[in-house]
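Whatever order the structure lists them in is the order used to number ligands and atoms, beginning at 1. We number each residue from 1, following the sequence as shown. In this text the structure is predicted, and so the values were computed from the model without any measurement.
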Amino acid sequence: MNSIHMSAECYPVAKVGGLADVVGALPKYQNKLGKKTGVVMPFYDNKFTQQNSFRTDHNSQVDLGDTSYDVEVLQLTNNDLGYPLYTVKIPGLLDRENVYGYEDDTERFVAFQKATLNWILQFEKKPEIVHCHDYHVGLIPFMMSKAHKYESLKNIPTILTIHNAQYQGQFSFEKLHYFPAYDLSHSGLLEWDQHINPLAAAVKSSWAVTTVSPSYLIELRSAANGLEWLLDNEKGKSIGILNGIDTDVWNPATDPMISKNFNGRNIVSGKRNNKNYLCDKFKLDPNKPLFAFIGRLVGEKGAELLPDIFKKTLENKSTDASILVLGSGDPAIEEALRSLNTAHKGNYNTFIGYDEQLSHIIYAGADFLVMPSRVEPCGLNQMYSLRYGTIPIVRSIGGLKDTITDIQEENGFGICHEHTTIEDATQAIERACELYHNQTRFKKIRKQIMQIDHSWDSAASNYIELYQKLIEK
Ligand code: ADP
C-alpha cells in the first residue's frame, strides 16, 4: 500500500454518518487511479463482521496504563470493496456492536491507535502517506512524530481530514500514561483548553489538514467548537476538498434497494413508481408534493426546529404537502416528531431509527429533501438526492453552499434559504410547492439535477495531488 486511511467508520463495515461513506468510497477511487490505498479501522462485533470472513495478518499486544490487551489485525478476505480492508480486533475493548457511545471510548480509540501503529511498525515497506479521519485517530500524527517507539515513522507525511469539528474527543491529562513515551516538552501539542484534545492535537501535528468542503474550512475559522483560533492559525497547511459520492452504490439505474430503477430517460415513470411505493408504505397521498428529511436528529442539522417547521407546513392549507421523516438522535426531538403523527395522519409519517435501505427508497421516491442545517461540513444527503432526482431545500452553509444553487439564479436547481429558522425553512418549502405546481419546470429541474456529476473521480485526484506534494516536501 502506498497510503493508508485510518478511521472509526467505513461503509459498509460500520456506519454512523457521512464519515463512513467517504472512507468507504475514496480509497476505491484512489485505487482506480492507480494509487494503492487501504483502510484500517476497529473490528466491531456487528452484522458485517459476523457475515464476512477475515484472515489474521498480525498478532500483538497493546498496553494501556497497567493493562495489556491482545491485538489481532484481520484482513477482509474478499476484495469486494475495491481496496484492502484491515480491522484491529482488541477483545474487551473494540469488539462491541456500536461504533461510539461507550464510557470507555477514550480507552478504546487510544488503544486502537497504538495497536495500529505497532502493526505498521513491523511493515517491511512503510506507507508513503498516513491519512487520518476525525478525532478518533487524531493522536496518530502526534505519536508518529513525537513518540520514541514510533521514531521510524516520523518522516511519513500525515493528513488529518476534518469531517466534523464538533466532536473532538477531549480527555483529562490524568490519562497521559496511556501514551507511549515522548519528550514531555511536546505536551503542548496535545493540549487545548487544559485537556488532551485529539482533534486539536491532529491539527497541530499533521502535515496537512483538509476539510470536506471549501466553505466549511472558512467557516471553521469563526465557528469550530473552541478551535477557531487554532484553525485560523493553521490555515497555511489547510485546504478544503469537496467530498464526492460513490456512484456505484448511489445509482438509481442499478440500485437494488429501490422499488424501480430509473435514469434520466425514464425519470418520470421511475420517480412516480418509487413515490407510489413509498407513499403506500407510509400511508401518504402520492398526489401531493412529498418532502422528506433523512439524518441525525441533532442541533447541527437544525433538527429541533423540524417539528415546528413541519407543523406549520402541514397546517398551511395552501401548501397541501406530505412529509416523511427518517432519523434518530435526541430522544426529545424523536418524540416531538413522532407526536405529529396522530394530528396529521395521511399527510405525515416518521420512521425513528436507522435504516440504510429506507434511506435509498426515500431518496428515490421523495420530491424534495429538506436540510435546514446549522452546520454542514459537506453533507452527502443533498448529493444523493440530486442523483435520485429529488430537489434539495437547503440552508446555505458549508458544503450545502458549495453544491446547491437556488432556482432564482441562472441554471439554479435547488431551493436555498439563509438562516436556520422556522420562518426561512417554511418559506423555502412554500417556494418548493410553487415549483411543484409548475410541473414543466419541476420536471426539467429534476432531469437537470440527475446529470450533475459529484462522483469521486475529481475529488480523489485532488487528494492524490496533495499526497504527492507532501511526499515531495
Ligand atoms: P453526517 O455525517 O453529519 O450525519 P452526512 O450528510 O455527511 O451527515 O451523511 C449522512 C449519511 O448518513 C448519509 O448517507 C445518510 O443517508 C445517512 N443517514 C443519516 N441518518 C440516517 C438514518 N436514520 N437511516 C439511514 N441513513 C441515514
Exercise. Return the set of residues passing ring-ring contact (aromatic ring centres under 6.0 Å, His included) with Phe43 (not counting sequence neighbours), or none when no residue passes.
Key: Phe54
Quiz item: Of all residues at least two apart in sequence or in a different chain, which pass the side-chain contact (heavy atoms from CB on, under 4.5 Å) check with Ser259?
Solution: Asn273, Asn274, Tyr277
Quiz item: If we only count heavy atoms from C-beta on, is the Phe282 to Ile362 side-chain gap below 4.5 Å?
Solution: no
Self-check item: Electrostatic pair Lys15-Asp21, nearest N-O below 4.0 angstrom
Solution: yes
Practice problem: Flag the pair His136 / Phe112 as yes when their ring centroid distance falls below 6.0 Å, and as no otherwise. | Solution: no
Quiz prompt | Results of side chain to side chain donor-acceptor pair (under 3.5 Å) for Thr426 - residues two or more places apart only | solution = none
Could you go through ligand 1 and note, for every N or O atom, any protein N or O atom closer than 3.5 angstrom, writing the atom names and distance to 0.1 Å, or 'none'?
from	atom 1	to	atom 2	distance (Å)
ligand 1	2 (O)	Gly18	N	2.6
ligand 1	3 (O)	Arg296	NH2	2.9
ligand 1	3 (O)	Lys301	NZ	2.8
ligand 1	4 (O)	Arg296	NE	2.7
ligand 1	6 (O)	Leu380	N	2.9
ligand 1	6 (O)	Asn381	OD1	3.0
ligand 1	8 (O)	Lys301	NZ	3.1
ligand 1	9 (O)	Gly18	N	3.2
ligand 1	14 (O)	Lys15	NZ	2.8
ligand 1	14 (O)	Asp21	OD2	2.7
ligand 1	16 (O)	Tyr363	OH	2.8
ligand 1	23 (N)	Gly353	O	2.9
ligand 1	24 (N)	Asp355	N	3.1

